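See structure below.
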Amino acid sequence: LASYAFVQHAGLRRVGVVSDSWAILFQAEPGFLAAVSTPLGYHYVPVFSAFTRLLRLLFGGHETPYAWSNLAMLVLVAWLAFLLGRRVLGHPLAAALGALMLVGSAAHFEVTYWLLAGHQHLLAAIFTLLGLRLVLDLADGPRDPRRGLLLGACAALAGFSYEGALTLLP
């Protein structure tokens, strides 16, 4: 999966930070509290803002690591989709094909090539897929209240990761 993603998205080596991604980086600059308490435009996405602040601390102004982190997150989403597909479908080959289709989909080129802005979608997808796994665990196993709390946390983290999920009015 990872090698296919690397070959499919090899052009990431030449991608730079453009457009809205600069606004995202500038929001993360003043510090953690400012990043998570300030809306991004009209959108309030504190989980994404905290994640961006962490990336800013790790990578500074270097563009290439942001591109590779997008690719790593895409591989993680595909892996979680594979695990979910294997559990739901009961057939590893069908789950693997679904994960490969996710990685190879033209729709995900925008997500992976739009540095930083693409992290929003992938971060929300990670929390959503983890939440779906918890739903299956709750349906199959004993009712553990901690799993219900984790499910609520995954839903909140997903909702506060993607700018379209919750919007503040001006």
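A quick note: this is a predicted structure, and the numbers were derived from the prediction, not measured. These values consider heavy atoms only, across backbone and side chains, with no hydrogens, waters or symmetry-generated copies.
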Report task. Classify the angle between the aromatic ring planes of Tyr162 and His121 as parallel (below 30°), tilted (30 to 60°) or perpendicular (above 60°). Result -> tilted
Query raised in the report: When rounded to the nearest 0.5 angstrom, what is the spacing between OH in Tyr66 and CG in Leu58?
Result: 8.5 Å
Query raised in the report: Does Val103 belong to the same Ile/Leu/Val/Met/Phe/Trp/Tyr cluster as Leu83, with side-chain heavy atoms less than 4.5 Å apart forming each link?
Result: yes
Query raised in the report: Is there a path of hydrophobic side-chain contacts, each under 4.5 Å between heavy atoms of I, L, V, M, F, W or Y residues, that connects Phe51 with Leu122?
Result: yes
Query - Leu151 side chain near Val135 side chain, heavy-atom distance below 4.5 Å - result: yes
Query - Over all atoms of both residues, closest heavy-atom pair of Val77 and Leu129 - result: O-CD1, 3.6 Å
Query - ILVMFWY network linking Phe32 to Val47, side-chain heavy atoms under 4.5 angstrom - result: no
**Report entry** For Arg87, all residues meeting salt bridge (charged side-chain N to carboxylate O under 4.0 Å, His left out), sequence neighbours excluded
**Finding:** Asp137, Asp140
Query raised in the report: Looking only at heavy atoms, which two atoms of Leu123 and Met73 are closest? And how far apart?
Result: N-CE, 3.5 Å
Query raised in the report: Are any of the side-chain heavy atoms of Leu134 and Cys154 separated by less than 4.5 Å?
Result: yes
**Report entry** Pairs meeting criterion salt bridge (Lys or Arg N to Asp or Glu O under 4.0 Å) with involvement of residues 66-77, two or more places apart
**Finding:** none
Query raised in the report: Going hydrophobic residue to hydrophobic residue with side-chain gaps under 4.5 angstrom, can you get from Leu76 over to Leu150?
Result: no
Report summary line: When rounded to the nearest 0.5 Å, the distance separating CH2 of Trp79 from CG of Leu74 is 14.5 Å
Query raised in the report: Is any side-chain heavy atom of Ile126 less than 4.5 Å from a side-chain heavy atom of Leu157?
Result: no
Query raised in the report: Between Ala50 and Val36, which heavy-atom pair has the shortest distance, and what is it?
Result: CB-CG1, 3.7 Å
Run the side-chain donor-acceptor check on residues 91-102: report pairs under 3.5 Å with partners two or more places apart or on a different chain.
unit_1 : atom_1 : unit_2 : atom_2 : d
His91  : ND1    : Leu93  : N      : 3.3
His91  : ND1    : Ala94  : N      : 3.3

Requested in this report: Kindly say whether Gly60 contributes a backbone atom to a donor-acceptor pair with the side chain of Arg56 at under 3.5 angstrom?
Outcome: yes
